[in-house]
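Worksheet for the structure shown next.
In what follows, chains carry the letters A, B, and so on, assigned in the order in which the sequence lines appear, proteins first and then strands, with residues in each chain numbered from 1.
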Protein chains: 2
Amino acid sequence: MKKPSQAGPLDPAAICRSSDPLAVRELLTKIGDKWTIFVILSLDLLGGRARFSELERAVPGISQRMLSSTLKTLERDGLVIRELFPEVPPRVEYEMTDLGKSLLHPTQGLVDWAKANWEQVREAQSRYDAR
Amino acid sequence: MKKPSQAGPLDPAAICRSSDPLAVRELLTKIGDKWTIFVILSLDLLGGRARFSELERAVPGISQRMLSSTLKTLERDGLVIRELFPEVPPRVEYEMTDLGKSLLHPTQGLVDWAKANWEQVREAQSRYDAR
DNA sequence: CAGCATCCAGGACGATACTG
DNA sequence: CAGTATCGTCCTGGATGCTG
């Protein structure tokens, strides 16, 4: 029921001054890529900590290349921590940081929305295409 | 703090059976593209209804081509309704549907997260790159 | 086991020009 | 005003093969 947070009735480009739109775009671009959410959700599901091969099995269809690069980006962003154990064969474990965990809640919001409404979206698409 | 919703301790591919992962991915892919969130947020900010040229001004940097195709996708997905007024010069208004409005809350969750935490992400990136 | 290097195809997006 | 058409570019991501 809230009004769109009035900053002026017809204020052009209002969102783009509030709250660093670049940050929003970058965030959305990141979790909007092909694998990031699945890796995040899988890591959570595996208890917040897992090794490379576990994630590989947990995310069907992902290639080593994509899992590796996705994890590297997550690590660079401070969302996961990579821990290398100097053994043979090598073992690497990835653990979600508090920052990473904090992203789970808003992410879950979108997952829930998709769960609840995607059928409607599909129907809308069908109606639209039937013309 | 909730546990990761136990479906089995080491259940491979668990998310991928729950809740239509395709839907989640498609949703994220859509709002993760370059313009969709900005168009949605701008449309909300303009009161949930606006014409093409208003949106063009509200989303700095967007081209006619991208605004047009973004709106077309949103219309197809049932998130906005396009209304054409048979006048000269032509007038077209776009209005958010209830479905579209319902997407605002989960979306806002991500916007808020970005607002609150992006600085930390940037710092993590700097630390990572400084090596 | 946990990657990286390389190559390649397709799609996203920008720039520009034209139209009902 | 509100688009469409066309072209070119960059980037994402898949496939494959190699390595510490």
Side-chain angles (χ1 to χ4, degrees), chain A residues 10 12 21-22 25-40 42-43 46 49-77 80-95 128 131, chain B residues 10 12 21-22 24-39 42-43 46 49-77 80-95 128 131:
Chain A
L10 280 180
L22 273 306
R25 171 130 75 197
E26 284 178 52
L27 172 63
L28 268 295
T29 299
K30 279 168 189 294
I31 69 169
D33 72 8
K34 193 160 184 187
W35 298 108
T36 296
I37 352 108
F38 288 154
V39 171
I40 288 177
S42 297
L43 194 48
L46 292 170
R49 184 178 182 93
R51 41 194 301 188
F52 190 87
S53 51
E54 289 179 302
L55 287 168
E56 208 174 347
R57 269 173 280 123
V59 185
I62 198 170
S63 66
Q64 287 185 328
R65 188 173 96 84
M66 290 315 296
L67 179 55
S68 180
S69 80
T70 300
L71 284 169
K72 189 174 295 182
T73 301
L74 290 174
E75 188 197 0
R76 188 174 106 97
D77 293 344
V80 305
I81 286 180
R82 191 188 113 114
E83 198 167 352
L84 165 67
F85 297 85
E87 309 168 357
V88 256
R91 179 164 55 105
V92 177
E93 291 190 6
Y94 292 89
E95 183 172 13
Y128 185 94
R131 298 177 326 177
Chain B
L10 281 178
L22 273 305
V24 175
R25 172 130 76 195
E26 284 178 51
L27 172 61
L28 268 295
T29 300
K30 280 167 188 295
I31 69 170
D33 73 6
K34 192 159 185 188
W35 299 108
T36 297
I37 353 112
F38 288 154
V39 171
S42 296
L43 192 48
L46 292 170
R49 184 177 182 94
R51 42 195 301 188
F52 191 89
S53 50
E54 289 180 301
L55 287 169
E56 210 175 343
R57 269 172 281 123
V59 186
I62 198 170
S63 66
Q64 285 186 325
R65 188 174 95 83
M66 290 313 299
L67 179 56
S68 180
S69 79
T70 300
L71 285 169
K72 192 173 292 182
T73 300
L74 289 173
E75 188 197 1
R76 186 175 108 96
D77 293 344
V80 305
I81 287 181
R82 190 187 112 114
E83 199 168 352
L84 165 66
F85 297 86
E87 311 169 357
V88 261
R91 177 163 56 106
V92 177
E93 291 190 6
Y94 292 89
E95 186 173 12
Y128 184 95
R131 302 177 322 177

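- Counting heavy atoms from C-beta outward, A/V59 and A/L67 have side chains that stay 4.5 Å or more apart.
- Residues A/Y94 and A/E54 have side chains not in contact (no heavy-atom distance under 4.5 Å, counting atoms from C-beta outward).
- Computed from C1' positions of five pairs at each end, the angle between the two local axes of the helix from C/dC1-D/dG20 to C/dG20-D/dC1 equals 50°, rounded to 10 degrees.
- In this structure, A/F85 reaches neither bases nor backbone, as no heavy-atom distance under 4.0 Å exists between it and the strands shown.
- Of all nucleotides in DNA chain C, those with any atom nearer than 4.0 Å to a heavy atom of chain A start and finish, going 5' to 3', at C/dC1 to C/dT6.
- Side chains of A/E93 and A/E95 form no contact here, defined as non-hydrogen atoms less than 4.5 Å apart.
- B/V92 and B/L84 make their closest contact through CG2-CD1, 3.7 Å (heavy atoms, listed as atom of the first residue, atom of the second, distance).
- Residues A/D33 and A/T73 fail the side-chain proximity criterion, which asks for heavy atoms closer than 4.5 Å.
- Pairing each heavy atom of A/R131 with each of A/Y128, the nearest pair is NE-O, 3.3 Å.
- The closest donor-acceptor contact from the side chain of A/S42 to the backbone of A/L55 lies at 3.5 Å or more, if one exists at all.
- Counting heavy atoms from C-beta outward, B/T70 and B/F38 have side chains that stay 4.5 Å or more apart.
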Point to revise | Under 4.0 Å protein heavy-atom contacts per nucleotide of nucleotides 4-20 of chain D, with B for base, S for backbone only and - for none | key: SBB------BBB----B
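- Summarising the geometry, the separation between CD on B/E83 and C1' on D/dA2 is reported as 15 Å, rounded to the nearest angstrom.
- Between the OG1 atom in A/T29 and the CD1 atom in B/I31 there is a gap of 10.5 Å [rounded to 0.5 Å].
- In this structure, B/L28 CG and A/K30 NZ are separated by 14.5 Å, a value rounded to the nearest 0.5 Å.
- For the pair B/L71 CG and D/dA2 P, the computed distance is 11 Å after rounding to whole Å.
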